[in-house]
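Here the structure comes first, spelled out in C-alpha cells, and everything after it is commentary.
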Amino acid sequence: MEWEFPISPVAASRPRVSRHGAYFTGPYKEFRKVMTDLVPTMIGDMDPIAYPLHVDLEIYVKRPKKTKLDAPRGDIDNYIKAIFDSMNGLLWDDDVQVRCVYATKQWASEGEDGYFVIGVDKYDDSD
C-alpha cells in the first residue's frame, strides 16, 4: 500500500519542558495538528495495521528560493520521527511495529510544494 501526502514534511523538534509537562512548538506542532486530520482522509476507512512492517519513505521538502545546500537541512531520522509519530493509531497501531525502513530526503522540484510518499508492506524476515 502506498500514499502520497500533500504536506511539506518537517523534522521533529525536541519537546519543551515546563513544570506543567512537555509540549511541542512551532512548525512541528502545526505539522502534527494537520496530520491528525489528513491521515484518515488519505488512507480511507481502514483499521490501523497490527503486524510488523517494512516502510519505504520518500521525503520531498519545499526548496527555498535561494539555497547552497544539496539536500534539506535537518536529520533524516527527525523527519522520519515526525511522520511516524503522526501515523500512530491511524495507519498502524504504533511505530514500534516498523522493523525495516528505507528513507530518502531531497528537495521537491523547483516551484513545487513539499510532500512525502509512504509505502507499507508486511515485514518479511528475508528483507
Quick check against the 3.5 Å criterion: does D94 have a side-chain atom that pairs as donor or acceptor with the backbone of V96?
yes

Atom pair NZ (K81) and CG (D75), whose distance is rounded to the nearest 0.5 Å:
13.5 Å

Please examine the side chains of Y51 and L53, heavy atoms only from C-beta on, and report whether any two atoms are closer than 4.5 Å.
yes

Distance (rounded to the nearest 0.5 Å) between K122 NZ and M1 CE:
11.0 Å

Beyond-backbone contact of T67 with P72, side-chain heavy atoms, under 4.5 angstrom
no

With a 3.5 Å distance limit and no angle check, can you tell me whether E58 reaches the backbone of T104 through a side-chain donor-acceptor pair?
no

Is the backbone N or O of D95 less than 3.5 Å from a side-chain atom of N88, with the two atoms forming a donor-acceptor pair by type?
yes

In this structure, would M42 and Y79 fall into the same cluster of hydrophobic residues linked by side-chain contacts under 4.5 Å?
yes

Heavy-atom pair of closest approach, residues S86 and F31
OG-CE2, 3.6 Å

Report yes if the side chains of V101 and F84 come closer than 4.5 Å at any heavy-atom pair, otherwise no.
yes

Say whether I118 and V34 are linked into one hydrophobic cluster, either directly or through other cluster members, by side-chain heavy-atom distances under 4.5 angstrom.
yes

Is the shortest heavy-atom distance from the side chain of Y60 to the side chain of S109 under 4.5 Å?
no

CD1 on I7 to CZ on F116, rounded to 0.5 Å:
7.0 Å

In terms of hydrophobic clusters joined by side-chain contacts under 4.5 Å, are V120 and Y115 together?
no

Sorted by first residue and then second, give each salt bridge (Lys or Arg N to Asp or Glu O under 4.0 Å) pair with at least one member in residues 101-113; sequence neighbours left out.
K62-D113

Rounded distance [0.5 Å steps], CD in E2 versus CG in L57:
10.5 Å

Please report the shortest heavy-atom distance between G114 and A108, naming the atom on each side.
CA-CB, 4.4 Å

Check: Q106 side chain, V61 main-chain N or O, donor-acceptor pair, under 3.5 Å
no

Under the criterion side chain to side chain contact (heavy atoms under 4.5 Å, CB included), I'd like the reasoning laid out for W107 against L69: C-alpha separation, chi angles, the key distance, then a yes or no.
CA-CA 10 Å; W107 294 119; L69 299 175; 4.2 Å; yes

Of all residues at least two apart in sequence or in a different chain, which pass the side chain to side chain contact (heavy atoms under 4.5 Å, CB included) check with P40?
L90

Interatomic spacing from CZ in F5 to CG in L91 - rounded to 0.5 Å:
6.5 Å

Under 3.5 Å: donor-acceptor pair, side chain of W3, backbone of V39
no

Within the 4.5 Å heavy-atom criterion, are I83 and I59 side-chain neighbours or not?
yes

Is there a side-chain contact between D124 and H54 in this structure, where contact means two heavy atoms from C-beta onward sitting under 4.5 Å apart?
no

